[in-house]
Amino acid sequence: MAAPTALNVIVDETEYSRYESERAVVGVTVNLTPVTGLSGEQIRLELIKARRARDAIVATQTVTIPSNNAEFVSGSFDLRAIEDADRINLIRHGDYFVRATSVTTATVTANSPDFRVSILS
């Protein structure tokens, strides 16, 4: 299985809110290079707090590239559903970003621009 050599990550908004249904889901698109031969390759998406060391991972998901000619792969994070074992929501007011990493080649990684999560947008 081939692995991507470069990734580019974008999100669909610049501000989100877990209290507003139309802004509660972070849509993520990862553009792939190359666009051929990647069928079945997996990309790990991590929602990370963008403060201090920028290493506080809040949520993770893995998406699979569906075809050999895929230019991108997408995923999403529903901010209302990110909870700990005691059902306490882990999303707080502040800045976040999404990191995409190739599962096969961990050195192939990219970050989205920072975005804000507010109580109300």
Side-chain angles (χ1 to χ4, degrees):
M1 178 181 337
T5 57
L7 304 172
N8 181 40
V9 185
I10 56 173
V11 293
D12 59 348
E13 299 287 345
T14 58
E15 186 174 19
Y16 297 90
S17 173
R18 66 183 171 115
Y19 298 106
E20 298 178 56
S21 59
E22 65 275 0
R23 290 196 179 264
V25 178
V26 178
V28 181
T29 302
V30 180
N31 295 311
L32 308 165
T33 302
V35 296
T36 59
L38 299 176
S39 179
E41 169 69 12
Q42 294 184 320
I43 305 294
R44 184 176 56 252
L45 302 175
E46 298 170 322
L47 179 63
I48 303 172
K49 292 181 180 179
R51 60 179 188 192
R52 297 186 190 105
R54 298 174 66 89
D55 62 354
I57 298 170
V58 179
T60 302
Q61 66 176 262
T62 302
V63 293
T64 302
I65 300 171
S67 70
N68 280 328
N69 295 320
E71 294 180 23
F72 64 91
V73 66
S74 58
S76 63
F77 291 97
D78 187 338
L79 302 178
R80 300 164 294 192
I82 300 173
E83 302 174 332
D84 67 9
D86 295 323
R87 300 193 50 126
I88 297 171
N89 194 292
L90 297 175
I91 300 297
R92 304 286 183 262
H93 175 81
D95 292 335
Y96 293 79
F97 67 97
V98 175
R99 176 175 294 143
T101 305
S102 167
V103 171
T104 303
T105 309
T107 57
V108 178
T109 187
N111 295 338
S112 74
D114 290 359
F115 55 87
R116 177 155 303 284
V117 173
S118 301
I119 294 174
L120 295 173
S121 61

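In what follows, every heavy atom counts, from backbone to side chain, and hydrogens, waters and symmetry copies are set aside. Source: prediction; values computed, not measured.
Taking every heavy atom of both residues into account, P4 and P34 meet most closely at CA-CD, 4.2 Å. The two residues N68 and S39 have their closest heavy-atom pair at OD1-CB, 2.9 Å. Closest heavy-atom contact between I82 and A59: CD1-CB, 3.8 Å. Annotation for S118 and E15: closest pair OG-OE2, 2.5 Å, computed over non-hydrogen atoms. V73 and T64 get closest at one heavy-atom pair: CG2-O, 3.8 Å.
Side-chain contact between L45 and V63: present, with at least one pair of heavy atoms (C-beta onward) separated by less than 4.5 Å. With contacts defined as side-chain heavy-atom distances shorter than 4.5 Å, the pair V11/S112 qualifies. A 4.5 Å side-chain heavy-atom check between N8 and V30 finds every atom pair outside the cut-off. Residues L32 and I65 form a side-chain contact, since some pair of their non-hydrogen atoms from C-beta on lies under 4.5 Å apart.
Applying the salt bridge (charged side-chain N to carboxylate O under 4.0 Å, His left out) test to R44 and every residue at least two apart in sequence or in another chain returns E46. Residues meeting the side-chain hydrogen bond (donor to acceptor under 3.5 Å, both in side chains) test with R99, sequence neighbours left out: N111.
Within the model, atoms CD1 of I119 and CZ of R18 stand 8.5 Å from one another, a figure rounded to the nearest 0.5 Å. Summarising the geometry, atom CD1 belonging to I10 is positioned 5.0 Å from atom OG1 belonging to T29; distances are rounded to the nearest 0.5 Å.
Sequence neighbours left out, the pairs with a member in residues 67-78 that pass salt bridge (charged side-chain N to carboxylate O under 4.0 Å, His left out) are D78-R80. Sorted by first and then second residue, the ring pair (Phe, Tyr, Trp, His ring centres under 6.0 Å) pairs involving residues 82-117 (not counting sequence neighbours) are Y16-F115. Residue pairs meeting the salt bridge (charged side-chain N to carboxylate O under 4.0 Å, His left out) criterion with at least one member in residues 52-63, sequence neighbours excluded: R54-D114. Counting only residues at least two apart or in different chains, salt bridge (charged side-chain N to carboxylate O under 4.0 Å, His left out) contacts with residues 3-14 comprise E13-R23.
A continuous path of ILVMFWY side-chain contacts below 4.5 Å connects L47 to L90, so both sit in one hydrophobic cluster. Follow the hydrophobic side-chain contacts under 4.5 Å out from I48 and you never reach V58; the two are in separate clusters. Residues L38 and V108 are members of one and the same hydrophobic cluster, defined by side-chain heavy-atom contacts under 4.5 angstrom among Ile, Leu, Val, Met, Phe, Trp and Tyr.
The residue from I43, N31, T109, T101 that alone fulfils the side-chain contact (heavy atoms from CB on, under 4.5 Å) condition with L7 is I43.
T104 and Q42 form no side-chain donor-acceptor contact under 3.5 Å, judged by distance and modelled atom types alone.
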